[in-house]
**Q** 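Supplied in structure tokens, the structure appears directly below.
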Amino acid sequence: MSTRIAFLKGHGTENDFVIIPDPDNAVELSPAAVTALCDRRAGIGGDGLLHVVRSAAHPEARHLADRAAWFMDYRNGDGSVAEMCGNGVRVFARYLQHAGHVGEGDLAVATRGGVKTVHIAKAASGGEITVGMGKALLPGGDVTVSVGDHQWPARNVNMGNPHAVAFVDDLADAGNLYDPPPFSPASAYPDGVNVEFVVERAPRHVAMRVHERGVGETRSCGTGACAVAVAAARRDGADPAVTGAPVTYTVDLPGGRVVITERPDGEIEMTGPAVILAEGEIMSEWLETATA
Ligand SMILES: N[C@@H](CCC[C@H](N)C(=O)O)C(=O)O
């Protein structure tokens with residue numbers, strides 16, 4: 001029987017998502033279905049998918065339902081599951097606002113990386129969204145990433161999901177980034193890694209490109225921007241836990257700009273835009289054929 005599945009499309013600094021509102025967790029989203037929906041030619045198209053479910057209705061988030069009413073069931077475009085998506089949380093919050101589930105101000109969003117606090121600024125002051133991203137883990141160890149003949153030492157930063165941050169002379173040195181940049185040692189990232197390439201723009205201001213695990217090169221990565229800000233701060237000798245003062249970095253990405261602040265207690269805040277741009281219906285018979 002032909003049914004319709006509601007969807008929306010949104011992006012945060014051009015990291016774009018198919019959004020599936022599904023409060024009761026009734027829509028079956030297999031990895032093949034996610035891949036089909038994110039396909040830019042035969043599907044709707046997106047770097048990833050945001051499945052919007054009430055925490056109480058999802059087995060992975062039920063235990064968080066008393067702290068956050070909504071669960072961001074995030075999937076990469078290749079159908080894989082990731083712990084966190086920084087741009088995704090902003091777009092997720094914008095969707096909740098668009099649908100009338102929340103207003104401007106504060107809310108909490110459950111993710112596989114824990115509960116994130118979100119603040120939606122008033123439209124009159126730009127409407128940007130700030131996310132409490134939690135603390136970065138800096139596991140240490142020497143990591144190297146390479147592209148073609150270039151090799152760089154990289155900083156291992158975990159923002160709930162894994163990142164390798166390499167400071168380069170020129171963003172073009174990262175090449176076309178069609179393939180995941182090899183890293184060593186192979187044991188550093190058993191579940192794969194997001195790789196960021198970073199250049200200095202000005203004091204406390206960097207620019208980056210990213211190759212995302214499960215996606216490819218994207219126009220932006222929120223967790224990646226946080227990882228880059230922390231790696232840049234340590235490289236610049238700025239550790240808020242030591243100085244007692246917050247440190248803020250502006251991070252330029254191909255798709256826009258986010259601002260990252262790390263506080264003396266280690267908590268990281270990311271501020272940036274989020275846009276909902278379309279809504280429609282998916283034909284279930286197409287999805288069945290596409291995933292057969
Ligand atoms: N684009 C995201 C990160 C999405 C998850 C990532 N590809 C992974 O597998 O860890 C962001 O904005 O943080």
Side-chain angles (χ1 to χ4, degrees), residues 9-19 31 34-35 37-38 40 45-51 60 71-95 109 111-114 116 118 128-137 139 143 145 154 156-165 177 179-181 183 188-198 208-231 249 251-260 268-275:
K9 181 79 195 282
H11 77 92
T13 51
E14 299 180 4
N15 191 193
D16 63 337
F17 307 98
V18 177
I19 302 162
V34 172
T35 307
L37 289 164
C38 290
R40 294 192 184 280
D47 294 326
L49 181 143
L50 306 174
H51 183 206
E60 288 182 74
F71 173 53
M72 179 179 78
D73 174 15
Y74 169 81
R75 317 288 183 86
N76 284 321
D78 72 350
S80 62
V81 162
E83 303 85 341
M84 239 310 270
C85 178
N87 291 323
V89 178
R90 296 201 315 278
V91 174
F92 189 95
R94 183 69 84 216
Y95 161 73
V109 175
T111 75
R112 291 189 177 84
K116 305 298 169 191
V118 178
E128 288 213 322
I129 297 181
T130 299
V131 183
M133 298 286 288
K135 298 179 182 179
L137 294 176
V143 183
V145 297
N156 184 1
V157 184
N158 193 294
M159 286 301 309
N161 57 351
H163 296 268
V165 180
L177 287 182
D179 298 315
F183 58 84
Y189 301 106
D191 301 319
V193 67
N194 303 286
V195 182
E196 287 81 21
F197 301 90
V198 190
M208 62 175 269
R209 289 173 65 194
V210 59
H211 186 283
E212 281 195 42
R213 177 180 68 166
V215 190
E217 183 172 18
T218 61
R219 305 271 303 161
S220 179
C221 177
T223 49
C226 294
V228 162
V230 171
Y249 278 77
V251 181
D252 288 344
L253 304 116
R257 174 176 285 182
V258 294
V259 175
I260 313 292
I268 295 168
E269 277 185 355
M270 172 189 57
T271 300
V275 178

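The structure displayed is predicted, hence computed values, not measured ones. Start at 1 and go down the list; that is how both ligands and their atoms are numbered.
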**Q** Considering only heavy atoms, which protein residues lie less than 4.0 Å from any atom of ligand 1?
**A**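 Within 4.0 Å of ligand 1, the protein residues are Asn15, Tyr74, Asn76, Ala82, Met84, Cys85, Gly86, Asn87, Asn161, Asn194, Glu212, Arg213, Cys221, Gly222, Thr223.
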**Q** Return yes if some donor-acceptor pair links the side-chain N/O of Arg75 with the main-chain N/O of Pro31 below 3.5 Å, else return no.
**A**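 Answer holds: no.
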**Q** Would you call Tyr74 and Phe17 a side-chain contact if the rule is heavy atoms closer than 4.5 Å?
**A**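 Side chain of Tyr74 against side chain of Phe17, heavy atoms only: contact under 4.5 Å found.
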**Q** Can Thr218 and Asp47 be said to form a side-chain hydrogen bond (donor to acceptor under 3.5 Å, both in side chains), step by step?
**A** CA-CA 7 Å; Thr218 61; Asp47 294 326; 5.0 Å; no
**Q** Strictly distance-based, threshold 3.5 Å: is any side-chain N or O of Arg257 a donor or acceptor partner for the main-chain N or O of Asp252?
**A**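 Not a single qualifying donor-acceptor pair exists.
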**Q** Name the one of Ile129, Thr223, Val131, Leu50 that satisfies side chain to side chain contact (heavy atoms under 4.5 Å, CB included) with Val89?
**A** Val131
**Q** Strictly distance-based, threshold 3.5 Å: is any side-chain N or O of Lys9 a donor or acceptor partner for the main-chain N or O of Gly46?
**A**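 Not confirmed, Lys9 side chain does not pair with Gly46 backbone.
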